[in-house]
Structure formats: C-alpha cells, structure tokens
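Only one structure is covered here, and it is reproduced in the block below.
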There are 2 protein chains.
Amino acid sequence: MLGRLYERENCSAARALELVGERWSLLIIRNAVFAGMTRFSDFERRLGIAPNVLAKRLEGFVAAGLMEERPDGYALTRKGRELGTVIVALTEWGDRWAAPDGPPILFTHDDCGGTVHLTTTCDGCGDAPDIAEIVANPGPGADPDRLPGRAS
Amino acid sequence: MLGRLYERENCSAARALELVGERWSLLIIRNAVFAGMTRFSDFERRLGIAPNVLAKRLEGFVAAGLMEERPDGYALTRKGRELGTVIVALTEWGDRWAAPDGPPILFTHDDCGGTVHLTTTCDGCGDAPDIAEIVANPGPGADPDRLPGRAS
DNA sequence: GGTGAGACTTGCATCACGCAAGTGGAATCG
DNA sequence: CGATTCCACTTGCGTGATGCAAGTCTCACC
C-alpha cells in the first residue's frame with residue numbers, strides 16, 4: 001500500500017493503485033493468480049525481491065483483503081484474484097508494444113484451450129469500441145471537486 | 001521508467017510496468033487518455049505532483065514512445081493511448097472493490113452513449129471466461145529460463 | 001517596461017527499496 | 001539426539017525515489 005495516498009483523486013483506478021501501485025505488487029499478484037504461488041520463499045526466489053519488501057507487500061495485501069494468510073502460505077481472495085484482469089490488460093499492452101520476440105505468455109481458456117483476450121463491450125450498441133472512442137463521465141460516486149480532469 | 005528493471009522477468013506485463021510502473025505514471029496516462037490533458041501545468045495542478053517528478057515522468061514517456069512533445073504540450077502516441085485499456089481495467093476493479101460510494105467514473109461509448117466494460121473473450125469457444133478459468137502458458141517469445149512461475 | 005503564467009530546474013529532507021546478515025522454528029537425516 | 005537444511009521473516013544500513021519549496025528563463029499581454 002502506498003505510503004502517501006492519492007487523496008485528491010476521486011477515481012477507482014487511483015484507489016486500486018493505492019493498494020497495488022507499489023514496486024513488485026502487481027508481479028506478486030500475477031504470480032499468485034496465474035502461477036498459483038502462495039509461499040513466501042517461492043515469491044522471493046522467483047521474483048528476486050528482497051524479503052523485507054516482500055513481507056511488507058504481503059502484509060499489505062492481507063490488510064487490504066487481497067490475500068489471506070494460511071498455514072501453507074498466502075491465498076488470494078476473490079478481490080485479489082480479480083486483479084488478474086489488470087495483469088491481462090498489462091500483458092496484452094506489453095505484447096503489442098514491448099515484446100520484440102513475440103508474446104512470452106499466452107492466456108488460454110482452461111476449459112477449451114482457446115486463446116483469451118480482453119475486449120471492450122458497449123452496453124448500448126454491442127460494439128467493441130476502440131480506446132479512442134471511449135470517454136470518461138462522472139458516475140454515481142463522483143465528487144465534483146475531485147475529478148481527474150475534464151471528465152464531462 | 002523504473003530505475004531498476006525487472007530483468008529476470010520474461011513477461012510483457014513486467015515490460016509494461018518498467019515503462020509505467022512508477023508512482024504517478026498511470027495517473028498521468030489516465031489524464032492524457034481520458035481527459036485529453038497535454039500541458040505540463042495542467043498535469044501538475046490536477047494531480048498535485050511535484051514538477052521535478054512530473055518532468056521526469058513525461059521525459060520518460062517521450063523516450064519510451066508513449067508521448068511526443070509538441071508546441072502545445074505532450075501528445076499521446078497510439079502506443080501511449082492504448083494504455084487506456086489498463087486504466088479501464090484498474091478502474092473496473094476499483095469500482096468493484098474499492099468504491100464504497102459507487103463508481104466515480106463511468107466509461108461510455110462516444111458514438112452511442114452506452115456504458116463500456118472490459119470483458120474477456122475466448123477465441124476458441126466464444127465464451128467470456130472468468131479470471132479463475134484462465135491459465136497462463138508460454139507463448140512464442142517465451143524464454144524457458146525466465147518464466148514467472150509454473151506457467152505450464 | 002512590468003507583470004503574470006508556463007515549463008521546467010535546483011537543493012534538500014524524508015521515504016522506499018535493495019542488500020546482506022541474522023534469528024527462530026520446524027522438518028529431516030544420520 | 002544433534003546437526004543440517006529450509007522457511008519465514010527481521011534488522012541495519014546504504015542508495016535511489018519522491019516531495020517540497022524556491023528559483024530561473026521564456027513568452028505573452030497590458
């Protein structure tokens with residue numbers, strides 16, 4: 001968890017980054033979600049992360065409800081597991097723009113073995129709008145004094 | 001750009017985090033993508049970010065090809081704009097798990113005004129698999145010595 | 001010319017991360 | 001049973017990152 005929060009931000013992405021925006025956090029979550037990792041020494045060895053940093057991250061995940069401490073390690077909660085979507089989004093972006101040798105990792109559907117991608121879906125017309133066609137608007141929890149910018 | 005890279009990681013998410021994993025980075029990108037922000041002082045004022053940190057971030061984004069410097073400010077490239085998907089993913093996660101007052105921001109389709117969500121799509125069966133049904137496998141750019149974990 | 005705004009730069013203090021060594025407990029082996 | 005190994009951290013310290021405040025330079029406007 002970030003030492004100094006993004007307090008002026010009325011935005012769920014900022015809330016999310018307050019929990020997982022520190023160095024190593026999303027890589028720990030990635031290993032938990034997609035490699036089924038639970039044990040301290042596995043995270044430490046595989047990531048090459050310092051044990052004091054890892055301990056602090058895991059403690060923060062437990063406090064934030066992303067993980068629970070068990071006798072055999074740290075288990076993701078549903079809250080924590082659903083950060084998998086963020087990992088997939090990062091991976092797909094990285095595949096497209098930062099993977100000169102092609103995608104190192106492919107996400108597949110456990111049931112049928114098909115390749116899984118993220119897509120946008122419009123509830124109105126059913127299209128899959130490009131990012132350039134998506135605009136941000138205030139929602140039910142909006143605080144007019146704390147908008148990220150010209151969200152109009 | 002992270003001072004110390006995730007060199008042992010053969011994973012596009014890690015490559016992405018090397019570019020945008022620092023404090024403030026994704027919030028800057030968010031404001032650029034969804035609020036059309038380009039000017040230094042707007043980023044600085046709206047985010048409450050220190051000018052030396054902001055200058056360093058923007059310089060890094062230009063070097064990484066996420067933005068281009070223009071007479072009127074910093075313009076996103078396509079590479080930079082497509083990080084919008086990551087912002088949407090973070091926002092949706094935050095809406096679900098960290099927005100007690102409801103979603104502050106709703107993403108809508110510019111054309112029809114419908115609400116936009118991210119969904120998974122399986123290329124094999126057409127379903128929208130839950131995260132728990134998605135597994136990570138080595139892809140074309142995989143280096144067997146540098147896998148995030150039991151990616152099998 | 002004076003003023004104000006924008007785009008940064010600089011200097012310094014505090015915090016975050018990395019490294020290495022260490023501790024304590026549990027399990028295994030001879 | 002003692003020695004060894006492994007695991008889960010903790011501790012102390014140095015380096016790098018961030019935040020704050022003041023500053024400089026340039027440009028536009030009056």
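In the text below, chain A, chain B and the rest are named by the order of the sequence lines, each starting its count at 1.
Remark: Leu106(B) pairs with Pro140(A), Pro103(B) by the side chain to side chain contact (heavy atoms under 4.5 Å, CB included) rule, at least two apart or across chains. Taking the side-chain hydrogen bond (donor to acceptor under 3.5 Å, both in side chains) definition, one finds that Thr108(A) meets it with Asn137(B), sequence neighbours left out. Applying the salt bridge (Lys or Arg N to Asp or Glu O under 4.0 Å) rule to Glu18(A) yields the partners Arg15(A); only residues at least two apart in sequence or on another chain are considered. Considering only residues two or more places apart in sequence or on other chains, Trp97(B) meets the side-chain hydrogen bond (donor to acceptor under 3.5 Å, both in side chains) condition with Glu82(A). Glu68(A) pairs by the salt bridge (Lys or Arg N to Asp or Glu O under 4.0 Å) definition with Arg70(A), not counting sequence neighbours.
On the nucleic acid side, DNA chain C contacts chain B at distances under 4.0 Å to non-hydrogen atoms, with the end points of that region at dG6(C) to dC19(C).
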Validation: residues 123-130 of chain B side-chain donor-acceptor distances under 3.5 Å, sequence neighbours left out:
from: Asp123(B); atom 1: OD2; to: His117(A); atom 2: NE2; distance (Å): 3.2
from: Asp130(B); atom 1: OD1; to: Arg78(A); atom 2: NH2; distance (Å): 3.2
from: Asp130(B); atom 1: OD2; to: Ala132(B); atom 2: N; distance (Å): 3.3

Determine all donor-acceptor pairs shorter than 3.5 Å in which one atom belongs to a side chain in residues 55-64 of chain A; sequence neighbours excluded.
from: Arg57(A); atom 1: NE; to: Arg23(A); atom 2: O; distance (Å): 2.9
from: Arg57(A); atom 1: NH2; to: Arg23(A); atom 2: O; distance (Å): 3.2

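Inter-residue side-chain proximity for Glu92(B) and Val116(B) is flagged as unmet; no heavy-atom pair is nearer than 4.5 Å.
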What one-letter contact string describes nucleotides 17-30 of chain D from 5' to 3', where B marks a base within less than 4.0 Å of any protein heavy atom, S marks contact via sugar-phosphate atoms alone, and - marks no contact? SSBB----------
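Heavy atoms of Tyr74(B) sit under 4.0 angstrom from primed sugar atoms or phosphate atoms, though from no base atom. Counting non-hydrogen atoms under 4.0 angstrom, Glu59(A) reaches nothing in the nucleic acid.
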